[in-house]
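If you're wondering where the values come from, they're calculated on a predicted model, not measured in any experiment.
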Protein chains: 2
Amino acid sequence: MSATDGGVPTALSADLGLPITEDEHQDCPATDVLRRIGDKWSVLVVAILGRGPRRYNELHRSIKEISQRMLTRTLRGLERDGLVSRTVHPTVPATVEYALTDLGRSLLLPLSTITDWALENRKEIDEARSLHDRSQGGSRI
Amino acid sequence: MSATDGGVPTALSADLGLPITEDEHQDCPATDVLRRIGDKWSVLVVAILGRGPRRYNELHRSIKEISQRMLTRTLRGLERDGLVSRTVHPTVPATVEYALTDLGRSLLLPLSTITDWALENRKEIDEARSLHDRSQGGSRI
DNA sequence: CGGAATCCCTATCGATACTG
DNA sequence: CAGTATCGATAGGGATTCCG
């Protein structure tokens, strides 16, 4: 607990004293994960699957405005990273069930830390935004 | 602690039983924040500023491969959301100091939860990825 | 039912050059 | 020193149509 200023004693504050090389940033798993779940739909899908397995069209009905294309792409991405499993039941017509893997479930708690923060601070963020937007064209301090 | 399956007792698992309407998703602060810091540079900049205030060129030197354009845009975005403050010192030539605001500092801990998870599970994710990528063109189960 | 294929638009990102 | 301006490339996202 003795980082320079308000640092936090984790990976977040480690190794950031010296210049970040290209390789270091490419390797950065944090940025990688954040970009993975920072897209438009992944968090929502993970959250819904966190309540239990769902079939394709169940998900599609749960998230009304998502296109089939994006639902499929989102699921493929999550599946690729091992966060979601895809099980085809050989019925006619086929039914496909999606569920969180152990890895995916292990993400739920860390993720809720962020979403809780977002809920707690949304007003402050919104206020900062409209304040900042209003001051555009005004004095730039 | 009694969600359906592996649910987590937070905002993440709340209100997800019924279809998500367009408005609900637009309002979702979680997605909003995740997209904010899910871009290519924000996490890195926040992490560096978490160690203390930095001047523009200090940041630019710390993150070697970022373009001036993207550094400026990233800082403006974080500033707009009230996570980063920008202070111009009227020297000649001017120096500008960036620092985390209280709001920005409050994000460090939740953020580290995710980055720590990413560090812990990066191998598993990478393995899942290469496994999935190899099975492309093969049998789709 | 659970997608894939195609088309198209927009946002993001990067490189380069220039400026108060 | 701390940016802006411009351009081009790429990735994200959506609507529609078609398929086993």
Q: Please name all residues satisfying salt bridge (charged side-chain N to carboxylate O under 4.0 Å, His left out) with A:D126, sequence neighbours left out, ordered by chain then number.
A: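 So A:D126 forms no salt bridge (charged side-chain N to carboxylate O under 4.0 Å, His left out) with any residue.
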Q | Protein proximity profile, nucleotides 13-18 of chain D - base contact B, sugar-phosphate-only contact S, no contact -, cut-off 4.0 Å on heavy atoms | A | BBB---
In whole angstroms, how far is the [atom2] atom of [N] from the [atom1] atom of [X]?
X     : N      : atom1 : atom2 : answer
A:R54 : C:dG3  : CZ    : P     : 16 Å
B:L75 : D:dA2  : CG    : P     : 11 Å
B:L71 : D:dA2  : CG    : C1'   : 10 Å
A:E79 : C:dG2  : CD    : P     : 14 Å
B:E58 : D:dA2  : CD    : P     : 8 Å
B:Y56 : D:dG3  : OH    : C1'   : 6 Å
B:I63 : C:dC13 : CD1   : C1'   : 15 Å
B:H60 : C:dG14 : NE2   : P     : 11 Å

Look at the side-chain N and O atoms of [X] and state whether any lies under 4.0 Å from the OP1 or OP2 oxygen of [N].
X     : N     : result
A:Y98 : C:dG3 : yes
B:R86 : D:dG3 : yes
B:R61 : D:dA2 : no

Q. Is the count of non-hydrogen atoms from other residues, nucleotides or ligands lying under 6.0 Å from B:R36 atom CZ greater than 12?
A.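 Yes, enclosed.
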Q. Is A:R73 salt-bridged to A:D39, going by a charged N under 4.0 Å from an acidic O?
A. no
Q.
On a heavy-atom basis, which atom in A:I37 and which in A:S42 lie closest, and how many Å separate them?
A.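 Where A:I37 meets A:S42 most closely, the heavy atoms are CA-CB, 3.9 Å.
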Q: Applying side chain to side chain contact (heavy atoms under 4.5 Å, CB included), run through B:R122 and B:I125 and close with a yes or a no.
A: CA-CA 5 Å; B:R122 64 181 303 181; B:I125 294 176; 5.6 Å; no
Q) Between B:T115 (side chain) and A:A30 (backbone), is there a donor-acceptor pair under 3.5 Å? A)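 Answer holds: no.
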Q | B:L100 backbone acceptor or donor facing B:R105 side chain under 3.5 Å | A | yes
Q. Side chains of A:I66 and A:L59: closer than 4.5 Å at any heavy-atom pair?
A.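 Heavy-atom side-chain distance check fails, nothing below 4.5 Å.
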Q | Five-pair end axes of the helix from C:dC1-D:dG20 to C:dG20-D:dC1, angle between them (10°) | A | 50°
**Q.** Steps toward side chain to side chain contact (heavy atoms under 4.5 Å, CB included) verdict (B:R86, B:Y56)
**A.** CA-CA 10 Å; B:R86 175 181 181 273; B:Y56 183 86; over 6 Å; no
